[in-house]
Amino acid sequence: MISLKNKKILVAYFSRAGENYVNNNVETLNKGNTEVVAEKIRNLTDGILFKIQPKKEYSKEYRKCVLEAKGEFDDKLRPAIKGSIKDFESFDIIFLGYPNWMSTCPMPVFTFLESYDFKGKIIVPFCTNEGSGLGDSISDIENTVKDATVLPALPIRGSLVSQSDDKIKEWLNNLFSD
């Protein structure tokens, strides 16, 4: 097990509010599911939050967003993202959150991963989904940042994020000794 003591922690995540697929329906969310989980992890680890945001926002309408995301995926695009992390090299552990899109991470997450040197870093993925689990996201992350250690990921059903506190705590306790 790894200790969190004296480690600088970043909680980087991509999340989308607006219309989302929830329990076989499209519902409007004021806050994206992955953001809810990221905030819970930040509160448990004292990490620093960084929201991965594309410069060009996705449509708030679910079906249009799916088409936009599929186009990016098919063309292997790396959309520009807003902001950057100062002193990225000072972080030891990066929690990386994202929804499962096209059975992997949304393309802005790959932009983020390709923007920094992850050599010697520990990446701890967490993924929200509505039944599709992690898809190929873990192998895709490992193939993108080959010099990082990727720990076991936490998949969380998006419709259950509000009740995920115990699941998150158990996952953290299984990975970290303190």
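Just so you know, these numbers use all the heavy atoms, side chains as well, and skip hydrogens, waters and symmetry mates.
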Exercise. Looking at residues at least two apart in the chain, or sitting in another chain, which of them share a ring pair (Phe, Tyr, Trp, His ring centres under 6.0 Å) with F91?
Worked result: none
According to a 4.5 Å side-chain heavy-atom criterion applied to Ile, Leu, Val, Met, Phe, Trp and Tyr, with indirect links allowed, do [X] and [Y] form part of one hydrophobic cluster?
X	Y	answer
L29	Y21	no
Y98	W171	no
F95	Y116	no

Crowding at [atom1], [X] (>12 non-hydrogen neighbours, <6.0 Å):
X	atom1	answer
E57	CD	no
K55	NZ	no
D147	CG	yes

Minimum heavy-atom separation for [X] to [Y], with atom names?
X	Y	value
R16	K60	NH2-O, 3.0 Å
S3	K5	OG-N, 3.0 Å
S103	G135	OG-CA, 3.4 Å
M107	L77	CB-O, 3.4 Å
S164	V161	OG-O, 2.7 Å

Exercise. By side chain to side chain donor-acceptor pair (under 3.5 Å), which residues pair with D87, not counting sequence neighbours?
Worked result: none
For this session: With sequence neighbours left out, write down each residue that passes side chain to side chain donor-acceptor pair (under 3.5 Å) with Y62, or none if nothing qualifies.
Result: none
Exercise. Looking at E68 and K56, does any basic side-chain N land under 4.0 Å from a carboxylate oxygen?
Worked result: no
Seminar exercise, completed: Which of L4, V11, I168 passes side-chain contact (heavy atoms from CB on, under 4.5 Å) with L44? It is I168
Problem set entry | Parallel, tilted or perpendicular: ring planes of Y58 versus F14, cut at 30 and 60 degrees | perpendicular
Problem set entry | Aromatic centroids of F118 and F88 separated by under 6.0 Å | yes
Exercise. Only one of N25, N23, N24 forms a side-chain hydrogen bond (donor to acceptor under 3.5 Å, both in side chains) with S159, so which one is it?
Worked result: N23
Problem set entry | Positive for side-chain hydrogen bond (donor to acceptor under 3.5 Å, both in side chains) with T128, one of N100, T34, N33 | T34
